[in-house]
A.B. asks: 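Handing you a structure now.
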Amino acid sequence: MIPVPGFDGRRVAVFGLGRSGITAARALKAGGAVPILWDDGVSGRMQAEAEGFTVEDLTTADWSGFAALVLSPGAPLTHPKPHWTVDKARAADVPVIGDIELFARALTAIPDGQRPRVVAITGTNGKSTTTALIGWVLKQAGLTVHIGGNIGIGVLALPAPTPDAVYVVEVSSYQLDLTTSFAPDVAILTNISPDHLDRHGGMEGYVAAKARLFQVMSPEKVALIGVDDDWGWKTVNALNDRGLRLSTITTRTPPQFVDPAGGVPVAELATRLPDQKPAFDAGRFIIVDATGGKLVADGVAIADLAPARSLPGRHNAQNAAFAYGAARALGVSTEAAVDGLMTFPGLAHRMETVGHLGPVRFVNDSKATNADAARQALMSYPTSFWIAGGRAKDGGIEDLRDLFPRVAKAYLIGEAAADFATTLGDTAHVVAGDMATAVALAAADAQAAGGDAVVLLSPACASFDQFPDFEVRGEAFRAAVLNLGATPSVHG
């Protein structure tokens with residue numbers, strides 16, 4: 001646990017007693033504060049009371065006595081409308097903060113020269129894989145690494161700070177909205193595409209929340225920003241005047257050019273190699289260090305990612321470039337960083353090969369909860385038997401229409417099945433309804449097709465119509481695959 005100082009003997013309201021809320025209460029108490037807890041659910045309040053916390057109805061509390069409100073990231077700060085606790089806090093001039101802000105304040109209280117370093121990752125897609133990949137690379141290089149935040153362990157539940165430690169923290173837009181002083185040593189923005197717009201009042205608000213990762217960074221800090229989308233470029237342009245150590249990450253740049261701002265881009269190898277067939281989007285990628293605005297041809301090829309079996313596709317090439325850039329910024333040698341990339345085992349539910357049935361490979365990408373994430377998966381294979389559906393987000397799969405020629409056949413599940421069927425049109429598809437049926441049908445068709453076929457679960461949807469979360473959906477896919485007699489895979 002990371003004790004949070006600065007509130008000695010003062011009452012701090014904590015609303016929302018899920019993972020981050022109850023952990024924040026423990027960290028505040030350890031730092032000398034008097035946390036006052038409340039949750040709309042009875043079970044959360046009962047757990048808090050069982051741990052000895054003071055539980056008080058915040059609807060009738062005297063807010064003038066609170067030093068701060070620690071708000072669960074699940075409660076809206078601004079949109080569609082502020083949570084009632086936010087209204088009460090603002091009326092009493094009480095600051096509203098979150099667990100990432102408490103983490104920042106805890107580290108700031110440590111004397112210079114004794115603070116651990118922090119790598120923070122945000123973005124619409126890829127942040128969990130990038131977080132885990134950076135943690136893996138740093139651990140393989142011999143550093144003391146703690147991984148958490150929006151992935152796995154809540155940030156304040158991580159081990160107490162030591163001077164040699166590096167915290168690798170995934171942060172969501174909800175968490176960043178509740179920060180004012182968070183200043184990581186390496187700040188990473190993977191990409192931005194529409195998501196959570198209802199919680200941020202539209203795209204501008206969503207982008208502004210992500211950009212809060214850089215709000216108080218000083219020039220000695222390092223910012224790594226993905227620029228494969230226009231929003232990334234806009235963020236770069238906004239930060240250029242601040243004199244930060246800024247690098248851009250791209251997979252879109254033609255091999256002979258790189259961003260003049262410099263960076264650690266990923267460049268695809270020539271689309272046609274001598275005496276070979278044209279490469280497709282899932283083809284080989286290399287990491288090229290083009291810092292200083294050199295042409296790629298004059299830059300240094302750091303690593304060919306073809307042997308990294310857990311990092312297939314363009315999106316994982318971008319993730320690898322972020323991990324390489326972060327590791328180098330923390331002083332890890334090129335050789336150690338590349339070795340870490342090559343041995344990364346991958347994450348569950350993110351382009352995870354879960355089994356083989358003869359030459360047929362089953363890939364679990366349940367984390368692809370929107371069309372942009374599914375695009376990355378579909379582009380990673382020349383063709384696939386695609387399982388999609390669930391609770392659709394705005395636009396459905398319309399933006400994936402250019403990739404339909406890569407779909408050997410689609411197997412549609414959940415609420416979105418009928419709408420997706422209409423969008424697919426003449427592309428071969430069937431409404432399977434549920435996961436087990438979809439897997440069985442896809443497996444049979446893939447085996448009949450012959451060759452090294454891929455059955456891909458990449459839903460492009462939320463899971464909440466049939467499953468409580470994407471993890472449970474991914475495990476249902478895994479179970480259905482193994483029930484067919486497939487040989488399980490340990491790694492991709």
A.B. asks: Is the closest side-chain heavy-atom distance between Trp386 and Ile397 below 4.5 Å?
C.D. replies: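 Contact flag for Trp386/Ile397 side chains = yes.
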A.B. asks: Checking side-chain polar atoms at under 3.5 Å, does Glu101 have a donor or acceptor matched by the opposite partner on Ser181?
C.D. replies: yes
A.B. asks: Among all residues two or more places apart in sequence or in another chain, which pass the salt bridge (charged side-chain N to carboxylate O under 4.0 Å, His left out) test with Asp164?
C.D. replies: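 Not a single residue meets the salt bridge (charged side-chain N to carboxylate O under 4.0 Å, His left out) criterion with Asp164.
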A.B. asks: With the side chain counted from C-beta on, respond yes when Val363 and Val455 share a heavy-atom pair under 4.5 Å apart, and no when they do not.
C.D. replies: no
A.B. asks: Main chain of Arg212, side chain of Gln215: is a donor-acceptor contact present, judged purely on distance under 3.5 Å?
C.D. replies: yes
A.B. asks: Any chance you could lay out the side-chain contact (heavy atoms from CB on, under 4.5 Å) test for Met342 and Val338, step after step, and finish with the verdict?
C.D. replies: CA-CA 6 Å; Met342 296 304 162; Val338 172; 4.2 Å; yes
A.B. asks: Can you check whether Leu246 reaches Asn240 side chain to side chain, under 4.5 Å on heavy atoms?
C.D. replies: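 Touching, per the 4.5 Å side-chain cut-off.
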A.B. asks: Grab the two heavy atoms, one from Val137 and one from Gly340, that are nearest each other, plus how far apart they are.
C.D. replies: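 Distance-wise, the nearest heavy atoms are CG2-C, 3.8 Å.
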A.B. asks: Going by distance alone, is a donor N or O of one side chain under 3.5 Å from an acceptor N or O of the other, for Glu170 and Ser128?
C.D. replies: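 Their side chains do contain a donor-acceptor pair, which is all the 3.5 Å distance test asks for.
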A.B. asks: What verdict does the side-chain contact (heavy atoms from CB on, under 4.5 Å) test give for Leu305 and Ile286, after you've listed the backbone C-alpha separation in whole Å, the side-chain angles of each residue and the deciding distance to 0.1 Å?
C.D. replies: CA-CA 6 Å; Leu305 295 173; Ile286 55 172; over 6 Å; no
A.B. asks: Working to the nearest 0.5 Å, report the span between CD1 of Ile287 and CG of Leu341.
C.D. replies: 5.0 Å
A.B. asks: Which pair of heavy atoms, one from Arg19 and one from Gly149, lies closest together, and at what distance?
C.D. replies: NH2-O, 3.1 Å
A.B. asks: Examine the side chains of Thr250 and Asp228 and answer whether a donor and an acceptor come within less than 3.5 Å of each other.
C.D. replies: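 There is such a pair (donor and acceptor under 3.5 Å, judged by atom type) between the side chains of Thr250 and Asp228.
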A.B. asks: Quick one about Thr353 and Arg361 (side-chain donor to acceptor, distance below 3.5 Å, no hydrogens or angles considered), yes or no?
C.D. replies: yes
A.B. asks: Distance-only, no hydrogens or angles: does the Arg406 side chain make a donor-acceptor pair with backbone N or O of Phe404 under 3.5 Å?
C.D. replies: no
A.B. asks: Among side-chain atoms of Thr122 and Lys210, is any donor-acceptor pair under 3.5 angstrom?
C.D. replies: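 A pair is found: one side chain offers a donor N or O, the other an acceptor, under 3.5 Å apart.
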A.B. asks: Can you list everything that forms a salt bridge (charged side-chain N to carboxylate O under 4.0 Å, His left out) with Glu471? Sequence neighbours excluded, please.
C.D. replies: none
A.B. asks: Fit a plane to each ring of Phe15 and His83, take the angle between them on a 0 to 90° scale, and name the class: parallel (under 30°), tilted (30 to 60°) or perpendicular (over 60°).
C.D. replies: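 The rings of Phe15 and His83 sit tilted, inter-plane angle from 30° to 60°.
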A.B. asks: Looking at Asn316 and Asn319, would you say the former's side chain and the latter's main chain have a donor-acceptor pair under 3.5 Å?
C.D. replies: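 It does not hold such a pair.
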A.B. asks: How about Ile97 and Thr179: do any of their side-chain heavy atoms sit closer than 4.5 Å?
C.D. replies: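 Side-chain contact under 4.5 Å: no.
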A.B. asks: Does Thr144 reach the main-chain N or O of Ala165 with its side chain, forming a donor-acceptor pair under 3.5 Å?
C.D. replies: no
A.B. asks: Rounded to the nearest 0.5 Å, what separation is found between the CG atom of Asp394 and the CG atom of Asp399?
C.D. replies: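 CG of Asp399 is found 11.0 Å from CG of Asp394.
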A.B. asks: Using a cut-off of 6.0 Å, state whether more than 12 heavy atoms not belonging to Asp469 lie near its atom CG.
C.D. replies: yes
A.B. asks: Under 3.5 Å, side chain of Gln114 to main-chain N/O of Pro111, donor-acceptor pair present?
C.D. replies: no
A.B. asks: I'd like to know if the side chain of Thr23 reaches the main chain of Ser20, judged simply by a donor and an acceptor atom lying under 3.5 Å from each other, with no hydrogens or angles considered.
C.D. replies: no
A.B. asks: Determine the minimum heavy-atom distance between Phe285 and Gly313, stating which atoms define it.
C.D. replies: CE1-C, 4.0 Å
A.B. asks: Just how far is it from atom CG of Leu239 to atom CE of Met217, taken to the nearest 0.5 Å?
C.D. replies: 8.5 Å
A.B. asks: To the nearest 0.5 angstrom, please state how far the CG atom of Asp230 sits from the CH2 atom of Trp233.
C.D. replies: 10.5 Å
A.B. asks: When you compare the side chain of Leu156 with that of Leu102, does any pair of heavy atoms fall below 4.5 Å?
C.D. replies: yes
A.B. asks: Using atom types as modelled and distance alone, determine if a side-chain donor or acceptor of Thr124 lies under 3.5 Å from a backbone N or O of Ser193.
C.D. replies: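 The answer is yes, because a donor-acceptor pair under 3.5 Å joins these two groups.
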A.B. asks: With side-chain contact (heavy atoms from CB on, under 4.5 Å) as the criterion, how do Ile225 and Ile249 come out once you've worked through the C-alpha distance, each side chain's angles and the decisive distance to 0.1 Å?
C.D. replies: CA-CA 6 Å; Ile225 300 176; Ile249 306 291; over 6 Å; no
A.B. asks: May I have the step-by-step check of side-chain contact (heavy atoms from CB on, under 4.5 Å) for Leu213 and Phe182, ending in yes or no?
C.D. replies: CA-CA 7 Å; Leu213 183 63; Phe182 185 46; 3.9 Å; yes
A.B. asks: To check you understand the geometry: which heavy-atom pair defines the closest contact between Pro73 and Leu178, and what is its length?
C.D. replies: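 Closest heavy-atom pair between Pro73 and Leu178: CA-CD1, 4.4 Å.
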A.B. asks: With rounding to the nearest 0.5 angstrom, report the OG1 to CZ distance, Thr334 to Arg328.
C.D. replies: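 With rounding to 0.5 Å, OG1 (Thr334) is 4.0 Å from CZ (Arg328).
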A.B. asks: Quick check against the 3.5 Å criterion: does Thr369 have a side-chain atom that pairs as donor or acceptor with the backbone of Cys461?
C.D. replies: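 Side chain of Thr369 to backbone of Cys461: no pair is present.
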A.B. asks: Where is the tightest heavy-atom contact between Ser384 and Leu378, given as atom of each residue plus distance?
C.D. replies: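 Taking every non-hydrogen atom into account, OG-CD2, 3.9 Å.
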A.B. asks: Which of these passes salt bridge (charged side-chain N to carboxylate O under 4.0 Å, His left out) with Asp185: Arg115, Arg117, Lys221?
C.D. replies: Lys221
A.B. asks: With side chains defined as the heavy atoms from C-beta onward, is the minimum distance between Ile2 and Pro161 less than 4.5 Å?
C.D. replies: yes
A.B. asks: Any cation-pi pair here, Arg199 with Tyr174, using under 6.0 Å and within 45°?
C.D. replies: yes
A.B. asks: Give the ring-plane orientation class for His349 versus Phe470, where under 30° counts as parallel, over 60° as perpendicular and anything between as tilted.
C.D. replies: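 Taking Phe470 first and then His349, their aromatic rings stand perpendicular (interplane angle over 60°).
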A.B. asks: A cation-pi test, strictly: NZ or CZ of Lys234 under 6.0 Å from the centre of the six-membered ring of Trp231 and no more than 45 degrees from its axis. Yes or no?
C.D. replies: yes
A.B. asks: Going by the side-chain contact (heavy atoms from CB on, under 4.5 Å) test, name the single residue among Thr190, Asn125, Val119 that passes it with Thr130.
C.D. replies: Thr190
A.B. asks: Evaluate the salt bridge (Lys or Arg N to Asp or Glu O under 4.0 Å) criterion for residues Arg375 and Asp402: first the C-alpha distance (whole Å), next the side-chain angles of each, then the deciding distance (0.1 Å), finally the verdict.
C.D. replies: CA-CA 10 Å; Arg375 167 175 291 279; Asp402 60 306; 2.7 Å; yes
A.B. asks: Salt-bridge test for Arg473 and Asp465: reply yes if a basic N is under 4.0 Å from a carboxylate O, no otherwise.
C.D. replies: no
A.B. asks: Just to verify, which of Lys367, His315, Gln376 counts as forming a side-chain contact (heavy atoms from CB on, under 4.5 Å) with Met351?
C.D. replies: His315
A.B. asks: Is there side-chain contact between Leu71 and Val14, with at least one heavy-atom pair below 4.5 Å?
C.D. replies: no
A.B. asks: If I take atom CZ from residue Phe322 and atom CD1 from residue Ile134, how far apart are they, to the nearest 0.5 angstrom?
C.D. replies: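 Answer rounded to 0.5 Å: 8.5 Å.
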A.B. asks: I'd like to know if the side chain of Asn364 reaches the main chain of Glu352, judged simply by a donor and an acceptor atom lying under 3.5 Å from each other, with no hydrogens or angles considered.
C.D. replies: no
A.B. asks: Within a strict 4.5 Å, meaning less than it, do heavy atoms of the Val168 and Val166 side chains meet?
C.D. replies: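 With C-beta onward as the side chain, the pair touches.
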A.B. asks: Where do Phe420 and Ala460 come nearest, in terms of heavy atoms and distance?
C.D. replies: CZ-O, 4.4 Å
A.B. asks: Does a donor on one side chain and an acceptor on the other come within less than 3.5 Å for Thr78 and His200?
C.D. replies: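 Side-chain D/A pair, Thr78 to His200: absent.
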A.B. asks: Is a side-chain donor or acceptor of Lys127 paired with a backbone partner of Gly123 at a separation under 3.5 angstrom?
C.D. replies: yes
